[in-house]
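Everything numeric in this text was worked out from a predicted model, so none of it was measured.
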Amino acid sequence: MIYLAPLQGLTGLPFRKAFFKTFGNTIDIAISPFISLTHGDLSNNYKKLKDVLPESNQNSLRVIPQILGKEPELFIQLADTLYQLGYEEINWNLGCPVSRVMRKKRGSGLLPYPEEIEKILETVLSRISNKLSIKMRLGLSNPNEIFNLIPILNAFPLASVCIHPRIGTQMYEGELHLDTLETCLPLLKHPVIFNGDICTLEDFNAVKERFPNISQIMIGRGILKNPLLPDLLKEIRYPNPMQKLQEFEQNLFEEILSMPSPERNKLNKMKEYWYYFSYSFPDQEEALKKIVSVQTPTEYKVAAERMFDESFCL
């Protein structure tokens, strides 16, 4: 099973709709970018929940909303609202490595405090109707922090535990702590989802070989770099992969254009995606340079079409 990782500002509704339109359900489940409890009571604030509103997510990937925060009462209020919207499962973010989040003891910043995590789980799970899964790292500053958390996680009826085998202070850099993950796996009672640095078929096969009991993976940046990756992992092949990538890019551009935001913001968003798309082109730096220089949607469309036309001639 393939999960789409929650990347703030990137794997939201426009991306999920464009992906579904282009590739169907080759991604089985998407975890939404986090909904922060810092907004307060969101029970009636559907503007903040627009990314996961069911009416918006028709013709899109199946989504599980993710919550970021540590306030039990707000967590319960939001979980109840999401349950009323039809979400039988929600996900708790204990993995975000962004410094401003960690400093407030949210995301991976909460991992060194197992007693607080236990108290939150005890309060929340006794009062919500949703299933709860967790996305986490091995720790904040030490990968061994997870060993203090495993007995707590095992004590609660979690749907699954997704582990990115880095620590929060690593952000997305440095080696994965695969030895620590390997030690953890037999100690965990819940299904484990692997997340981290799967960008190619070879990466996927290496994870399968080392962790044969893991049948679920989560991919984020690997899919942004190569949106055809889920098809590749599921042995779906296209006669012209670059043409399929262009179809996805066009669908995504249409979704971004439909957003109620200034034109400049829409262009900047597409340029942000092209930082990843450019990995699919022989001259990545030149591909990105051509896109970054555009100033209008028309210029963007011409530049993108030229990029793909040139790739077809290679």
Could you see if [X] belongs to whatever hydrophobic cluster contains [Y]? Use Ile, Leu, Val, Met, Phe, Trp, Tyr and a side-chain cutoff under 4.5 Å.
| X | Y | result |
| --- | --- | --- |
| Met270 | Tyr275 | yes |
| Leu10 | Met171 | no |
| Phe204 | Ile2 | yes |
| Tyr273 | Ile223 | yes |
| Val192 | Ile117 | yes |

Please report the shortest heavy-atom distance between [X] and [Y], naming the atom on each side.
| X | Y | result |
| --- | --- | --- |
| Leu82 | Val52 | CD2-CG2, 4.0 Å |
| Leu68 | Arg106 | CD1-CB, 4.1 Å |
| Asp51 | Ser32 | OD2-CB, 3.8 Å |
| Cys96 | Phe34 | SG-CE2, 4.4 Å |
| Pro227 | Phe277 | CG-CE2, 4.1 Å |
| Gly196 | Leu176 | O-CD1, 3.7 Å |

Quick check for you: to the nearest 0.5 Å, what is the distance between [X] atom [atom1] and [Y] atom [atom2]?
| X | Y | atom1 | atom2 | answer |
| --- | --- | --- | --- | --- |
| Ile35 | Ile67 | CD1 | CD1 | 6.5 Å |
| Leu178 | Arg166 | CG | CZ | 9.5 Å |
| Gln284 | Ser278 | CD | OG | 4.0 Å |
| Ile163 | Phe194 | CD1 | CZ | 10.0 Å |
| Ile76 | Leu37 | CD1 | CG | 10.5 Å |
| Leu153 | Leu121 | CG | CG | 7.0 Å |

[X] side chain to [Y] backbone, donor-acceptor under 3.5 Å:
| X | Y | result |
| --- | --- | --- |
| Ser108 | Leu140 | no |
| Ser60 | Ser56 | no |
| Lys266 | Leu257 | yes |
| Lys208 | Ser215 | no |
| Asn226 | Leu228 | yes |
| Glu249 | Glu305 | no |
| His190 | Cys162 | no |

Open item on the list: On the six-membered ring of Tyr113, is Lys105 placed so that its NZ or CZ lies under 6.0 angstrom from the centre and within 45° of the ring axis?
Closed with: yes

- [ ] Give a yes/no verdict on a cation-pi contact between Lys225 and Tyr276, requiring under 6.0 Å between NZ or CZ and the six-membered ring centre and an angle within 45° of the axis.
- [x]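 Checked: cation-pi criterion not met.
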
Among side-chain atoms of [X] and [Y], is any donor-acceptor pair under 3.5 angstrom?
| X | Y | answer |
| --- | --- | --- |
| Tyr3 | Gln216 | yes |
| Asn130 | Glu89 | no |
| Asn251 | Thr22 | yes |
| Lys135 | Asn195 | yes |
| Ser36 | Thr38 | yes |

- [ ] Please lay out, stage by stage, how Leu185 and Asn213 fare under the test side chain to side chain contact (heavy atoms under 4.5 Å, CB included).
- [x] CA-CA 9 Å; Leu185 290 179; Asn213 293 327; over 6 Å; no

Task: Residue that, paired with His177, satisfies side chain to side chain donor-acceptor pair (under 3.5 Å) out of Arg137, Gln170, His164 - done: Gln170

TODO: Evaluate the salt bridge (charged side-chain N to carboxylate O under 4.0 Å, His left out) criterion for residues Lys70 and Glu116: first the C-alpha distance (whole Å), next the side-chain angles of each, then the deciding distance (0.1 Å), finally the verdict.
DONE: CA-CA 9 Å; Lys70 59 178 181 176; Glu116 289 192 38; 5.2 Å; no

Heavy-atom count around [X] [atom1] within 6.0 Å, excluding the residue itself: above 12?
| X | atom1 | answer |
| --- | --- | --- |
| Lys50 | NZ | no |
| Arg237 | CZ | yes |
| Lys131 | NZ | no |
| Lys290 | NZ | yes |
| Glu55 | CD | yes |

TODO: Compute the ring centroids of Phe248 and Phe15, then answer whether they are less than 6.0 Å apart.
DONE: yes

Task: Tyr279/Trp274 aromatic ring centres below 6.0 Å - done: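 Ring centroids of Tyr279 and Trp274 are no less than 6.0 Å from each other.
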
Is there a side-chain contact between [X] and [Y] in this structure, where contact means two heavy atoms from C-beta onward sitting under 4.5 Å apart?
| X | Y | answer |
| --- | --- | --- |
| Trp92 | Ser133 | no |
| Leu61 | Ile29 | no |
| Pro33 | Thr11 | yes |
| Arg62 | Asp28 | no |
| Ile90 | Leu132 | yes |
| Phe23 | Lys244 | yes |
| Asn57 | Lys17 | no |
| Ile64 | Tyr87 | no |

- [ ] Dump the intermediate steps for side chain to side chain contact (heavy atoms under 4.5 Å, CB included) on Ile27 and Phe20, then the final yes or no.
- [x] CA-CA 8 Å; Ile27 291 175; Phe20 181 81; over 6 Å; no

TODO: Given salt bridge (charged side-chain N to carboxylate O under 4.0 Å, His left out), test Arg127 with Glu73 step by step and report yes or no.
DONE: CA-CA 10 Å; Arg127 293 171 55 189; Glu73 293 303 321; 2.8 Å; yes

Open item on the list: For a side chain to side chain contact (heavy atoms under 4.5 Å, CB included) check, start with the C-alpha distance between Glu118 and Phe156, then their side-chain angles and the critical distance, and finish with the verdict.
Closed with: CA-CA 9 Å; Glu118 182 177 27; Phe156 293 96; 4.3 Å; yes

- [ ] Give a yes or no on whether a salt bridge exists between Glu255 and Lys21, defined as a side-chain N under 4.0 angstrom from a carboxylate O.
- [x]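 Answer for the salt bridge query: no.
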
- [ ] Please step through salt bridge (charged side-chain N to carboxylate O under 4.0 Å, His left out) for the pair Glu122 and Lys119, ending with a clear verdict.
- [x] CA-CA 5 Å; Glu122 191 172 58; Lys119 186 176 180 180; over 6 Å; no

Task: salt bridge (charged side-chain N to carboxylate O under 4.0 Å, His left out) assessment of Asp283 paired with Lys289 - done: CA-CA 10 Å; Asp283 190 340; Lys289 183 178 178 181; over 6 Å; no

